[in-house]
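As the structure is a prediction and not an experimental result, all values here were calculated from the model.
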Amino acid sequence: MGLEIRIPKSDRAKRAVEKRAPKLSENGKKTLILQGTKTSNMLNNVLTELYHLKRGSAIRYTRKNDNIRPFENGGETSLEFYSLKTDCSLFVYGAHSKKRPNNLVLGRTYDHHIYDLVEVGVENFKSMKDFSYDKKLAPRVGSKPFFAFIGEGFESVEELKHLKEVLLELFRGEVIENLNLSGVDRVYVCTATSSNTVFFTHCALRLKRSGTVVPRMELVEVGPSMDLVVRRHRLPNEGVTKQAMRKSIDPHKKKPKNVKSDFEGVRGRVYIPDQEVGSMPLFNNVKGLKRERREGKPKKEKDNDSQETKKQKVVSE
């Protein structure tokens with residue numbers, strides 16, 4: 001039996017299919033937040049506050065899911081189904097067990113299949129309610145955050161490098177070209193305290209007068225804050241990585257000729273035609289000298305006439 005292909009009949013279904021179709025400029029990535037069979041109160045608060053931080057670009061499932069085990073073969077089927085159903089390319093999965101308490105799995109998908117995974121344990125969690133601050137400093141929908149990664153581990157330890165990539169992808173929001181300074185109102189600070197532990201905190205950015213055009217900035221911790229202990233991680237396959245990193249080409253855009261780009265930058269090649277030395281104008285045939293020759297011609301004639309008159313005078317005498 002072959003697969004049945006359903007063609008959308010209503011205009012609403014057609015718009016939904018076109019919205020999910022591949023595009024040259026992709027839509028902003030959405031995040032799916034869901035939980036396993038068993039969770040703790042602390043883990044539920046973590047998932048809820050992550051949903052508030054991602055408000056506007058996240059979907060939260062509160063029902064228990066029994067069949068999701070991302071690191072096991074066959075355990076990612078339900079997760080990929082929910083990713084396809086909600087059109088989410090990022091996910092946060094929380095589960096609690098005796099072996100792995102307060103466990104979070106952060107991951108990305110490509111073509112609604114698991115791309116990579118990072119498993120962390122949550123410790124020393126402090127909620128937003130535990131911080132006292134002006135409620136006007138709460139993050140707004142659509143604002144762009146700063147990221148500060150402190151520690152050499154983010155450049156040398158493979159697990160922390162992978163966690164850094166996933167955190168940037170999870171909280172960066174939509175990719176934009178221009179940014180207003182008033183839209184940057186929060187900072188995520190990640191500090192590598194050891195080779196497998198990262199202190200994660202969320203701060204608001206307060207702008208104050210500095211006497212210059214650039215304002216003075218102060219950080220106010222608004223939460224949540226927690227320690228993320230890396231337990232397991234799975235890197236993507238090289239073939240899948242090449243396919244995911246491939247850039248689409250605009251068919252209407254003309255490709256520039258004789259231009260190459262490498263690690264040094266963009267290089268261009270200029271073609272110079274062969275120089276025909278035999279047909280090149282010599283110094284005597286330069287057009288700029290014609291005027292001088294025209295002006296010099298009557299002077300020679302006057303000199304010749306004066307010499308002839310002198311000869312005639314000499315002969316007559």
Side-chain angles (χ1 to χ4, degrees), residues 26 29-34 36 43 46-47 50 53-54 58 68-77 79-80 83 88-125 145-173 175 187-203 224-247 262-264:
E26 293 290 341
K29 295 183 179 181
K30 295 191 296 183
T31 305
L32 176 64
I33 301 174
L34 67 170
L43 195 59
V46 171
L47 295 176
L50 288 178
L53 292 177
K54 294 282 296 179
I68 296 180
R69 296 176 181 84
F71 282 92
E72 298 180 8
N73 291 329
E76 71 277 2
T77 306
L79 186 59
E80 292 176 351
S83 174
C88 293
S89 54
L90 303 168
F91 66 88
V92 178
Y93 173 72
H96 178 75
S97 63
K98 185 177 181 181
K99 185 178 180 180
R100 294 185 177 87
N102 301 319
N103 198 52
L104 275 182
V105 180
L106 314 175
R108 296 177 287 183
T109 62
Y110 172 70
D111 196 17
H112 302 296
H113 295 285
I114 299 296
Y115 180 72
D116 61 349
L117 298 168
V118 178
E119 185 182 65
V120 296
V122 180
E123 297 178 358
N124 303 324
F125 173 73
F146 280 122
F147 271 88
F149 291 94
I150 305 171
E152 297 179 356
F154 291 110
E155 302 297 332
S156 58
V157 182
E158 184 178 1
E159 291 83 355
L160 298 187
K161 288 170 65 177
H162 192 193
L163 179 62
K164 176 183 176 181
E165 293 180 4
V166 176
L167 289 176
L168 282 173
E169 196 77 29
L170 183 64
F171 291 104
R172 71 173 183 174
V175 179
V187 181
Y188 291 103
V189 182
C190 303
T191 307
T193 57
S194 66
S195 60
N196 66 337
T197 306
V198 174
F199 174 68
F200 175 87
T201 185
H202 175 221
C203 300
S225 67
M226 66 193 88
D227 289 331
L228 302 178
V229 182
V230 181
R231 292 171 176 168
R232 292 183 292 177
H233 76 114
R234 190 175 75 188
L235 295 172
N237 190 10
E238 293 183 0
V240 179
T241 303
K242 290 182 180 179
Q243 189 175 2
M245 295 297 179
R246 187 181 301 171
K247 294 183 179 180
D262 53 12
F263 62 93
E264 293 183 357

So how far is it from [X] [atom1] to [Y] [atom2], rounded to the nearest 0.5 Å?
{"X": "S194", "Y": "L160", "atom1": "OG", "atom2": "CG", "result": "7.5 Å"}
{"X": "H162", "Y": "E158", "atom1": "NE2", "atom2": "CD", "result": "9.0 Å"}
{"X": "K54", "Y": "K30", "atom1": "NZ", "atom2": "NZ", "result": "11.5 Å"}
{"X": "L228", "Y": "L167", "atom1": "CG", "atom2": "CG", "result": "7.0 Å"}

[X] side chain to [Y] main-chain N or O, any donor-acceptor pair under 3.5 Å?
{"X": "T197", "Y": "T193", "value": "no"}
{"X": "E76", "Y": "H113", "value": "no"}
{"X": "S83", "Y": "S89", "value": "no"}
{"X": "K164", "Y": "C190", "value": "no"}

Test E119 against every option in R231, R100, K99, R69 by the salt bridge (Lys or Arg N to Asp or Glu O under 4.0 Å) rule and name the one that passes. R100
Under the ring-ring contact (aromatic ring centres under 6.0 Å, His included) rule, what do F147 and F149 come out as? Steps first, then yes or no, please. CA-CA 7 Å; F147 271 88; F149 291 94; 5.8 Å; yes
Nearest heavy-atom neighbours spanning [X] and [Y]:
{"X": "F91", "Y": "I114", "result": "CE2-CD1, 3.8 Å"}
{"X": "V157", "Y": "S195", "result": "CG1-O, 3.5 Å"}
{"X": "L106", "Y": "L163", "result": "CD1-CD1, 4.3 Å"}
{"X": "Y93", "Y": "G36", "result": "OH-CA, 3.2 Å"}
{"X": "N103", "Y": "L43", "result": "O-CD2, 3.8 Å"}
{"X": "E155", "Y": "K161", "result": "O-CD, 3.6 Å"}

Using side-chain contact (heavy atoms from CB on, under 4.5 Å), reason through T191 and T201 one step at a time and then give a plain yes or no. CA-CA 9 Å; T191 307; T201 185; over 6 Å; no
Starting from the C-alpha separation in whole Å, work towards a yes-or-no answer on side-chain contact (heavy atoms from CB on, under 4.5 Å) for Y188 and L53. CA-CA 11 Å; Y188 291 103; L53 292 177; 3.9 Å; yes
Side-chain contact test, heavy atoms from C-beta onward, threshold under 4.5 Å: evaluate it for [X] versus [Y] and give yes or no.
{"X": "E159", "Y": "N196", "result": "no"}
{"X": "Y115", "Y": "L90", "result": "no"}
{"X": "V166", "Y": "H233", "result": "no"}
{"X": "V118", "Y": "D116", "result": "no"}
{"X": "F199", "Y": "N124", "result": "no"}
{"X": "V105", "Y": "F71", "result": "yes"}

Determine whether V92 and L170 satisfy the following criterion, side-chain contact (heavy atoms from CB on, under 4.5 Å), listing intermediate values before the conclusion. CA-CA 9 Å; V92 178; L170 183 64; 4.1 Å; yes
Verify the distance criterion only: is there a donor paired with an acceptor across the side chains of E123 and N102 at less than 3.5 Å?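 Judged by distance alone, the side chains do not pair up.
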